[in-house]
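Residues take their numbers from the sequence shown, with the count starting at 1.
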Amino acid sequence: MKLKNYAIILCLALAFSTSFAQKNKKVGEPGKVWSVEKANAWYAQHRWLSGSNYIPSNAINQLEMWQSDTFSPGLIDKELGWAEGIGFNTMRVFLYSKAWSQDPAGFKKRVDQFLSISAKHGISPMFVFFDDCWNKSSTIGKQPEPKTGIHNSGWLQDPGDPDFKEEAKFPEYEKYVKDVLTTFKSDKRILLWDLYNEPGNSGKKEATIPLLTKVIEWARAVNPDQPISIGLWDWGFNKLNALQLLNSDIITYHNYEAPEWHQRTIDLLKASGRPLICTEYMARSRNSRFANVMPLLKKENVGAINWGFAAGKTNTKYAWDTPLADGSDPIEWFHEIFQADGTPYRLDEVNLIKKMNSK
């Protein structure tokens with residue numbers, strides 16, 4: 001982790017944040033970044049936030065989750081019941097632009113249904129709009145079967161490559177973002193809007209900045225009641241990190257490192273004065289575990305959202321770079337908490353999660 005590099009960017013972003021806010025105080029302008037005071041007041045209204053990145057075990061990617069033919073409210077209800085059982089109160093959930101463009105009204109009905117199921121289980125999800133990770137292209141309709149033993153073999157970039165840099169397509173993405181945000185902007189069942197997952201990933205780097213800048217603009221034009229964030233993830237992406245920091249009401253970030261490195265990240269990000277939520281952690285073979293990271297996050301009052309919930313078609317029990325061609329179980333699962341039938345992968349971990357969430 002290039003922490004020295006990142007510390008410089010953080011300091012610069014904080015230095016410019018005051019002037020940025022002052023320039024956006026004109027009456028009648030779209031929403032602006034929340035003040036530090038407003039962000040902390042919002043965070044204080046919630047119990048300590050904990051949960052997982054969630055996709056139903058029968059979906060290989062975001063399209064399969066949200067398309068009408070494969071949307072599975074019964075399974076979602078069952079699996080979110082498991083989440084409720086261990087005390088989770090939030091889930092991070094990826095939307096998908098093509099699922100909306102195929103059927104905007106139906107897509108929003110399914111989002112509403114998901115929110116009703118979540119609320120039944122005491123869970124306030126955060127939604128992710130765009131994503132620079134994994135496969136470059138997608139097709140509406142039947143999705144591919146998982147590749148044996150390969151982590152996230154069917155996960156989809158959104159809007160994909162080269163679509164993400166084709167400005168002629170931006171108006172369609174604007175309609176998507178504004179339609180969803182406008183529909184749910186005052187919905188108290190939603191915790192937060194995460195505008196873009198890992199911008200710059202898959203070799204895109206600063207090429208993502210034009211789209212990300214527009215997404216921020218569209219979201220602020222709607223000005224939802226819920227906070228907005230763009231999670232930090234690569235400390236070497238100086239310009240992206242500054243853009244993300246300057247435009248986040250709540251600071252979210254990813255960290256799959258051991259506790260001592262994770263602690264350093266927390267210490268740096270606390271300089272923002274804003275609440276922190278770790279929206280991705282827990283990779284067992286990298287020594288980012290429930291046993292050593294979750295208590296740290298609780299102690300620091302940092303929200304804790306791990307990657308992986310129930311083993312299924314995403315195959316994220318396999319490590320990023322360690323495929324198993326025979327599809328056998330890894331010696332140790334990389335992610336996931338539950339088997340597909342709801343049996344805990346490790347009972348000691350589930351007991352720890354319950355304990356952390358009961359305090």
If the test is ring-ring contact (aromatic ring centres under 6.0 Å, His included), which one of Trp100, Phe114, Phe94 qualifies with Trp66? Phe114
Consider only side-chain N and O atoms of Thr314 and Asn152, and report whether a donor and an acceptor are under 3.5 Å apart. no
Does Asp326, at its CG atom, have more than 12 non-hydrogen atoms belonging to other residues, nucleotides or ligands within less than 6.0 Å? yes
Under 3.5 Å, is there a donor on one side chain and an acceptor on the other for Tyr345 and Gln339? no
Lys136-Ser202 side chain donor-acceptor pair, cut-off 3.5 Å: no
Ignoring hydrogens and geometry beyond distance, is a side-chain donor-acceptor pair present between Asn197 and Arg92 at under 3.5 Å? yes
Going hydrophobic residue to hydrophobic residue with side-chain gaps under 4.5 angstrom, can you get from Trp134 over to Leu156? no
Tyr253 versus His262, side-chain donor and acceptor atoms under 3.5 Å: yes
Would you say the side-chain atoms of Ser57 and Glu79 include a donor-acceptor pair closer than 3.5 Å? yes
side-chain contact (heavy atoms from CB on, under 4.5 Å) with Tyr196: of Asp158, Leu211, Asp131, only one passes, and it is Leu211
Can you classify the ring geometry of Trp233 versus Phe237 as parallel (below 30°), tilted (30 to 60°) or perpendicular (above 60°)? perpendicular
Membership question, hydrophobic clusters at under 4.5 Å side-chain separation (ILVMFWY): are Phe170 and Val215 in the same one? yes
Apply ring pair (Phe, Tyr, Trp, His ring centres under 6.0 Å) to Trp307 and His151, showing your working. CA-CA 12 Å; Trp307 189 276; His151 177 108; 7.6 Å; no
Do Glu257 and Ser288 have a side chain donor and acceptor closer than 3.5 Å? no
Any side-chain heavy atom of Glu206 sitting closer than 4.5 Å to one from Ile209? yes
According to a hydrophobic-cluster definition based on side-chain heavy atoms being under 4.5 Å apart (Ile, Leu, Val, Met, Phe, Trp, Tyr only), do Met282 and Trp320 belong together? yes
As an exercise, state the distance from CD of Gln244 to OG of Ser229, rounded to the nearest 0.5 Å. 8.5 Å
Whether Gln143 side chain and Thr139 backbone form a donor-acceptor pair below 3.5 Å: yes
Decide whether Asn53 and His335 meet the rule of one side-chain donor and one side-chain acceptor closer than 3.5 Å. no
